[in-house]
Amino acid sequence: MYYDFKATEKKWQDKWEDAGVFHAVEHSDKPKFYALVEFPYPSGAGMHVGHIKAYSGLEVVSRKRRMEGYNVLFPIGFDAYGLPTENYAIKTGIHPRQVTDINIKKFTGQLKRVGFSFDWTRVIDTTDTRYYKWTQWIFLKMFEHGLAFRDKTLVNYCPSCKVVLSNEDSQGGKCDICHSDIVQKSKDVWYLRITEYADKLLEGLDTVNYLPNIRLQQENWIGKSTGAFVNFTVKDTDETLRIYTTRPDTLFGVTFMVMAPEHPLLDKYKDQIKNFDAVEAYRAQCAKKTEFERTQLVKDKTGVKLDGFTAINPVNDTEIPIFISDYVMMGYGTGAIMAVPAHDQRDYDFAKEFGVPIIEVIKGGDISKEAYTGDGEMVNSGFLNGLTNKKDSIAAMLDFLAEKGIGEKGVQYKMKDWAFNRQRYWGEPIPIIYCPHCGMVPVPYDQLPLELPKVENFAPGSDGESPLAKIESFVNCKCPKCGADAKRETDTMPQWAGSSWYFLRYMDPQNDERFASKEALNYWGMVDWYNGGMEHVTRHMIYSRFWHRFLYDIGEVPLPEPYAKRTAQGLILGPDGDKMSKSKGNVVDPNDVVDVYGADVLRTYVLFMGDYEKASPWSENSVKGCKRFIDRTWNLQTIVTDDEGYSKKLESAFHKAVKKVSEDIETLKYNTAIATLMALINQIYDAGSITKGELKTFITLLNPFAPHVTEELNEVMGFGGMLATAPWPTWDEAKCVDDEIEIAVQVNGKIKARILVPSDAEANAAIALAKENAAVAAAIAGKQSVKELYVKGRLVNLVVR
RNA sequence: GCCGGCGUGGCGGAAUUGGCAGACGCCCGGGACUUAAAAUCCCGUGAUGGCAACAUCGUACCGGUUCGAUCCCGGUCGCCGGCACCA
């Protein structure tokens, strides 16, 4: 029989929409379930099969949950601010607003063609004034609480995009957008004080259920280390040079100190430092190095020894030299270190290069060859000598430092504050006004949203200024506090702003009084299950947990953590096994697949192709295999009988399949869930017929994966109702067991036969049956029995000598 | 360098976490239907030997624990991801 997927799929998509079966209900007696997928960035390229895989996972869970009787919120929206749209607009001259609208329309059409059960009444667009009003509102709340601030520091700057980037946006020293090398620039920028939330973000991980690798990546990104701050006196000054170390117990091994070339103390003492011209020359040399060069030359330590600027080691009052070197970063710790060459490889390399003495303070290595970073007995360390436990020696040193008042326990994080402004047009305007009398004044809450003005020229200025700076009608304003002439902030927020709270807006998307009502926030609570890409684990996931935790701390949301559970899908690679990319020409367009095979086939294939969490290559032939499966499902109607319920032949197969599919959907094992249904359909065709009851169960199980063909079959067969709202099948554990099962019989661990035994057989009975088998009898004949084992339902093993 | 993951047929991948390795799908070979092709259906398909029943080998490599190891332990090699001069 021919299955016309084109007409059928459209028909059911319309029916679902007309009936509103996927709309989340405001007040319901049912238990709630909130499934969240990462909303797409509506790029000009349209959707990617990767999006389909990412959404199909929770799509299946959401459909199953509805059938299980939950009130399900499964929303979708568009994260539409950002550089690609703006760059496209600059290239083509089409306004970003228009580009965004076109792309959203395109994405919406594509998503609907696949038949996803999103609640289309709750769509959000981060560039909509009704939405970003609340993005600005949250920013102002952070400003009010001192979490948004301006500071002049070294920042990551992309010379190609002409924009300041956060640490998260410049991972690996490359621009996240254009992959150019990032340079460090001293600039006055906006920060969000995410570091203040570092501990809360770490502790929160104990209360949620993320896949272990996701949790680990977040922990590493936050990068907490515990150690101590120690103040060294600088000789012939009142100054102290403060350092951070994780090994204060190695203080007796300190033979020099190193400061970052940009360290502010250097300028303060430029008259005292006799070779300050050498310092400046070295700084110039460092500024020229790109991030790439700095990391490639790890072994080649460079630096300058300061003349007339030395320190005193507080544990033994020895005078030690101070160097500057670019292996010490201004951005971590205090920008200065105590160097212990015997027990730190970098310090060791530097010491060898500059001829500084190396003093062993921990026994166990060979410091004539390399630094020893392991544990061991303390030596040459005064009051620490003889201690063998790292904990003890650190504790003893901390006591000493506290007693002398020159140091204390400290904590450091790799995570840095979030550089938050972008010198670009296509983003949320930062609602701050600079008044010559009052300083930084927030735009009053009742004047939000501060709308992004419509401009003609949205290209960034070469002077590093936002395009908004040229719009005088926008820039010039009155101070809300004193009424004086004032100027607006002209930078915009980064792409990640809107996505940092979008999951809250879905709960109550039309609200103009609040970002979401308290009732909606209380009802929906946490996102029950969030799925997305690994690439967002150390960006969006961290940012949004931070915003949510802040909103919790100021009493705006009821729970501290936003996501109860987080999973991540693996990439879909090109047919050649490489990452899909336009330049390689190996990109698969979901539209093409739907055109040729239909949405049900596409949905089934992206979940069947491999382990959901791992990357796997696209294979057109395997798509055809799924097409065959869908057609075979359609053709089940040709062998259906009039009987209700399960047949004797297939009853246990059905109970097992219901169990397996139900369980696999919960554990991301979509591939084996589908394989189970394929195996079941093979059994059905082998049996030659299927009862009505069996067919109903089969199409219900398959419905979350292939909703169109199963709905059509349900209608053609006259089963009544819609599968989308039909109850999920249940199974009977007792019926999952066959009366007789085949087990293996081993002799000395080698398989000699397969026999049938009653499934409830005890060891004695099974072993007796095994011995009756001719091949087994021959193998043990004349041998002495050592041990006889029966693993219930699995095998018998006879150990003989 | 540090942290994490992985390594199973020609391919994508299964295997109840110590109990019949290779489910399911693809590819490939043979057959049926057809004037023919496509589609569909049936049979076969880890390797080696054998007409066959069967035997031997087999989960990157070497070794260990165990009645029994893809799974646990020790070592080696290779691939992927994250961080990276983090003091």
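Basis for what follows: all heavy atoms, side chains included, without hydrogens, waters or symmetry-related copies. Just so we're on the same page: letters track the sequence lines, and every chain starts at 1.
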Inset, instruction - With a 4.0 Å heavy-atom cut-off, tell me which residues in residues 243-255 of chain A come close to RNA chain B, sorted by residue number. - result: A/Tyr244, A/Thr245, A/Thr246
Inset, instruction - Scan nucleotides 21-30 of chain B nucleotide by nucleotide, 5' to 3', and note B when protein non-hydrogen atoms come under 4.0 Å of the base, S if they reach only the sugar-phosphate, - if neither. - result: S-BBSSS---
Inset, instruction - Please indicate whether A/Asp366 has more than 12 foreign heavy atoms, meaning atoms of other residues, nucleotides or ligands, lying under 6.0 Å from its CG. - result: yes
Inset, instruction - Using salt bridge (charged side-chain N to carboxylate O under 4.0 Å, His left out) as the criterion, list what pairs up with A/Asp4, not counting sequence neighbours. - result: none
Listed pairs under 3.5 Å, donor-acceptor, residues 533-540 of chain A side chains, sequence neighbours left out:
from, atom 1, to, atom 2, distance (Å)
A/His536, ND1, A/Glu38, OE1, 2.9
A/His536, ND1, A/Glu38, OE2, 3.3
A/Thr538, OG1, A/Gln171, NE2, 3.2
A/Arg539, NE, A/Glu168, O, 2.8
A/Arg539, NH1, A/Glu535, O, 3.0
A/Arg539, NH2, A/Glu168, O, 3.4
A/Arg539, NH2, A/Asp176, OD1, 3.0
A/His540, ND1, A/Ser499, O, 3.4
A/His540, NE2, A/Tyr530, OH, 2.6

Inset, instruction - Give every residue pair that meets the side chain to side chain donor-acceptor pair (under 3.5 Å) criterion with at least one member in residues 627-638 of chain A, sequence neighbours excluded. - result: A/Arg632-A/Asn682
Expected rows: protein N/O vs nucleotides 57-59 of chain B N/O, under 3.5 Å:
from, atom 1, to, atom 2, distance (Å)
B/rC57, OP2, A/Lys750, NZ, 3.3

Inset, instruction - Tell me whether B/rG68 sits syn or anti, counting syn as a glycosidic angle within 90° of 0. - result: anti
Inset, instruction - Kindly write out the residues that satisfy side-chain contact (heavy atoms from CB on, under 4.5 Å) with A/Lys659, not counting sequence neighbours, or none if the list is empty. - result: A/Glu663, A/Trp731, A/Glu733, A/Cys736
Legend entry - Whole-Å distance separating the CD atom of A/Glu613 from the P atom of B/rG12: 19 Å
Legend entry - Partners passing side chain to side chain donor-acceptor pair (under 3.5 Å) against A/Lys660 (at least two apart in sequence or in another chain): A/Asp664
Legend entry - Within 45° cone of A/Phe354 ring axis and under 6.0 Å: A/Lys305 NZ or CZ: no
Using distance only, find each side-chain donor-acceptor pair of residues 570-581 of chain A under 3.5 Å and give its atom names and separation, not counting sequence neighbours.
from, atom 1, to, atom 2, distance (Å)
A/Asp576, OD1, A/Asp578, N, 3.1
A/Asp576, OD1, A/Asn586, ND2, 3.1
A/Asp576, OD2, A/Asn586, ND2, 3.4
A/Ser581, OG, A/Ser583, OG, 3.3
A/Ser581, OG, A/Lys584, N, 3.2

Inset, instruction - List for me each residue that meets side-chain contact (heavy atoms from CB on, under 4.5 Å) alongside A/Lys409, sequence neighbours excluded, and say none if there are none. - result: A/Leu398
Legend entry - Pairing string, 5' to 3', for RNA chain B - Watson-Crick or wobble contacts under 3.5 Å, brackets [ ] where pairs cross, | to another strand: (((((((..(((......[....))).(((((.......))))).((((....))))..(((((..]....))))))))))))....
Inset, instruction - Scan A/Ala339 against the nucleic acid and name what it touches under 4.0 Å (heavy atoms): base, sugar-phosphate only, or nothing. - result: nothing
Legend entry - side chain to side chain donor-acceptor pair (under 3.5 Å) contacts in which one or both residues fall within residues 615-625 of chain A, not counting sequence neighbours: A/Tyr597-A/Glu620, A/Ser619-A/Ser622
Inset, instruction - Would you please confirm or rule out a distance under 4.0 Å between OP1 or OP2 of B/rA15 and any side-chain N or O of A/Lys669? - result: yes
